[in-house]
Structures are given as C-alpha cells and as structure tokens.
Amino acid sequence: MNITYMTTSELSERIKYDQRTIREQLKDSVLFEGVHYIRPFGGRKILYLWERIEEEMLNGVSLNTLTIGM
C-alpha cells in the first residue's frame, strides 16, 4: 500500500482548508496522531497520511452523491 505523506501546507491546498484551521481545529479532534498523521523520528514535524484522511472525509458518502448530474 502506498502512503502519501503531506505537510500541513500541502494538505491545506488539497482539502481547501486554511493551515491554521487544520492545526487548531481539525488536528486532535478529527485528525488523530497515529491514524491521520505522524511525527517522524519523534520530532516536532507533522506529516499527514493522505489516504487515511481521504477515507475519513468520504466516510458515509456514496459514489452517487459524488456524481454530478446533467
């Protein structure tokens, strides 16, 4: 399984949320350490796991919901 590691800035661009919102509102309330992000080598830097976040965002959403009708 390939895992895409993203910085807060990269995640912000991908999900269209401000970096500050990710750090202050989503991290540790919706996005959890060890599940949605890691701190490599026990450091301060945070890397988000894109596939896990995408799965969480789409949880409960059917493909029909995502299809745009004409």
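- Counting heavy atoms from C-beta outward, I22 and I15 have side chains that approach closer than 4.5 Å.
- Annotation: the span from E55 atom CD to H36 atom NE2 amounts to 8.0 Å, rounded to 0.5 Å.
- Linking ILVMFWY residues whenever their side-chain heavy atoms come closer than 4.5 Å, directly or via other members, places L31 and Y17 in the same cluster.
- Under the 4.5 Å side-chain heavy-atom criterion for grouping Ile, Leu, Val, Met, Phe, Trp and Tyr, F32 is not connected to W50 through any hydrophobic cluster.
- Every side-chain contact (heavy atoms from CB on, under 4.5 Å) that Q19 has, sequence neighbours left out, goes to T8, S9, S12, R23.
- Proximity of I53 to L11: side-chain heavy atoms (C-beta onward) are separated by under 4.5 Å at one or more points.
- Remark: E51 CD to E56 CD distance equals 14.0 Å, nearest 0.5 Å.
- With sequence neighbours excluded, the residues forming a side-chain contact (heavy atoms from CB on, under 4.5 Å) with E10 are M6, T7, listed by chain and number.
- The salt bridge (charged side-chain N to carboxylate O under 4.0 Å, His left out) pairs that include a residue from residues 29-45 are E33-R39, where partners are two or more places apart or lie in different chains.
- Looking at residues two or more places apart in sequence or on another chain, you find a side-chain contact (heavy atoms from CB on, under 4.5 Å) between Q25 and T21.
- Among residues two or more places apart in sequence or in another chain, the side-chain hydrogen bond (donor to acceptor under 3.5 Å, both in side chains) test is passed with D18 by none.
- No side-chain heavy atom of I46 sits less than 4.5 Å from a side-chain heavy atom of Y5.
- With sequence neighbours excluded, the residues forming a side-chain hydrogen bond (donor to acceptor under 3.5 Å, both in side chains) with E24 are R20, listed by chain and number.
- Note on V35: it does not cluster hydrophobically with Y48, by side-chain heavy-atom contacts below 4.5 Å among ILVMFWY residues.
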